[in-house]
Protein chains: 2
Amino acid sequence: MTTSRAEARRLTEQRILDAARRLFGEQGYDRTTIRAIAAAANSDAGLVMRYFGSKEKLFAQVATIPADGPITGSPAEIAKLLTAGLTDKLADEPTAALAALRSIFTHPEAGVEVRAAMTRQQQQVAAQLPGDDAVLRAALIGAITLGTVIGRHLIHLEGLATATPEDITAAIEPLLSHLIQGTPTTTP
Amino acid sequence: MTTSRAEARRLTEQRILDAARRLFGEQGYDRTTIRAIAAAANSDAGLVMRYFGSKEKLFAQVATIPADGPITGSPAEIAKLLTAGLTDKLADEPTAALAALRSIFTHPEAGVEVRAAMTRQQQQVAAQLPGDDAVLRAALIGAITLGTVIGRHLIHLEGLATATPEDITAAIEPLLSHLIQGTPTTTP
DNA sequence: GTCTATAAAGTGATAGAC
DNA sequence: GTCTATCACTTTATAGAC
């Protein structure tokens, strides 16, 4: 039971980070108080401030959207990468991302974080899609992903909250493929 | 210039409601203060409280999701109704809905409001879809709608924010049709 | 009908005792 | 290293003057 002072500090710091991620994800930035975080981490508000400087900085440290890997290749490969990424996002609660996601509409910094992550992926995808409405279709791919993740993890929509990630992805895959290939203008 | 007292009151009340709808829609519930609403309505905080009782009640009055008409008929008719509804939601900023939408993740009451509206439509649609995964597909229709509206009005995603509602709907229509008809299990 | 003054409670942040 | 006490500020909500 020899916890050095430095190690003890590292541990409390970690407990605070975990509690902050969880609470920010559950209630959003504004409704989560430093006091509540401290209490959940079995610590106190003073320490939280001392370690992380401000509520804002603590939020920035725990509310991050993990960047997806590069999305490139043939249309079929792109489809595969996108569905794989979606399955990931649906599988286990992405705690850090949820913290950013939940605050996206009310906290400016969370907004730019999510927007940046989405734009990053969208531009990457759009560059490889055929057709002159590639940007719109890439945006729709992002919108579908966003709507599905929100529907499952934040709104808990019946049908999305309970189904397995594989079932959901299977139902979405054809939609993504359609968007990737582009709409051939069929003459009526 | 004969504005009776009753009429004057009605006018200020309306100004307050308009300002509240706008500010709640722009900043969400928590970040919008009664003082700010009063200022935007050229009134004062005391009056706002006097007229509406509490911030909560004022929010409940202005943050509502307008119910869509009944969605029923043949698969083709359902598709038509859904795309028409989507075009509406994309056309002009749905101020009242945005107020509820922006607070959906941080304000409990806004959450149930949006969730109720989505579940209502989802159950209606699911009941008319073929296949044993009808609930999931109906949920996906809702998720796509939600993601698209959010991407356009709240995140202002490149490609979604600028395109015309008709262009967006045209790109989404085939996806909805696919979900409505159900995935015939094609043997490979 | 309208607005000022203030109460009561909670917030992020700081200083300093242990 | 940890925690208590407190500051300075903002919030909703209320009472009452004009």
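Note that the structure is predicted; figures quoted are calculated from it, not measured. In what follows, chains carry the letters A, B, and so on, assigned in the order in which the sequence lines appear, proteins first and then strands, with residues in each chain numbered from 1.
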In whole angstroms, how far is the [atom2] atom of [N] from the [atom1] atom of [X]?
X	N	atom1	atom2	result
R5(B)	dG1(C)	CZ	P	6 Å
K57(A)	dA13(C)	NZ	C1'	12 Å
L47(A)	dC3(D)	CG	P	6 Å
M49(A)	dG16(C)	CE	P	16 Å
D30(A)	dG10(C)	CG	C1'	14 Å
D44(A)	dA17(C)	CG	P	17 Å
N42(A)	dG1(D)	CG	C1'	16 Å
Y51(A)	dT2(D)	OH	P	4 Å

*Report the nucleotide, chosen from dA13(C), dT11(D), dT2(D), that has the shortest atom-to-atom distance to any side-chain atom of A8(A).*
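Within the option list, the nearest is dT2(D).
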*Between dG1(D), dG12(C), dA13(D), which one does the side chain of A6(A) approach most closely?*
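When the side chain of A6(A) is considered, dG1(D) is the closest of dG1(D), dG12(C), dA13(D).
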*Spell out yes or no: do the side chain of R35(A) and the base of dG12(C) have one donor N/O and one acceptor N/O closer than 3.5 Å?*
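Pair found.
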*In sequence, state the C-alpha distance, the side-chain angles, and the governing distance for E109(A) and Y29(A), and then conclude on side-chain hydrogen bond (donor to acceptor under 3.5 Å, both in side chains).*
CA-CA 10 Å; E109(A) 194 168 330; Y29(A) 181 85; over 6 Å; no
Just call it for [X]: base, sugar-phosphate, or nothing, with non-hydrogen atoms closer than 4.0 Å on any strand.
X	value
F52(A)	nothing
A38(B)	nothing
A36(A)	nothing

*With respect to the phosphate group of dT2(C), does any side-chain polar atom (N or O) of T12(B) fall under 4.0 Å of OP1 or OP2?*
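The answer is yes; a side-chain N or O of T12(B) sits under 4.0 Å from OP1 or OP2.
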*Between D18(B) and R21(B), is there a side-chain N and carboxylate O pair less than 4.0 Å apart?*
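So D18(B) pairs with R21(B) through a salt bridge.
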*Relative to the 5' end of DNA chain D, which residue comes earlier, R50(B) or K55(B), by the nucleotide with the nearest heavy atom?*
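Per heavy-atom nearest nucleotide, the more 5' residue is K55(B).
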*Taking the side chain as every heavy atom from C-beta outward, state whether P130(B) and R137(B) have any pair of such atoms under 4.5 Å apart.*
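A side-chain contact under 4.5 Å exists here.
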*Run the salt bridge (charged side-chain N to carboxylate O under 4.0 Å, His left out) check on D68(A) and K89(A) step by step: do they pass?*
CA-CA 10 Å; D68(A) 290 340; K89(A) 295 184 184 74; 3.1 Å; yes
*Run the side-chain hydrogen bond (donor to acceptor under 3.5 Å, both in side chains) check on T169(A) and T83(A) step by step: do they pass?*
CA-CA 6 Å; T169(A) 308; T83(A) 53; over 6 Å; no
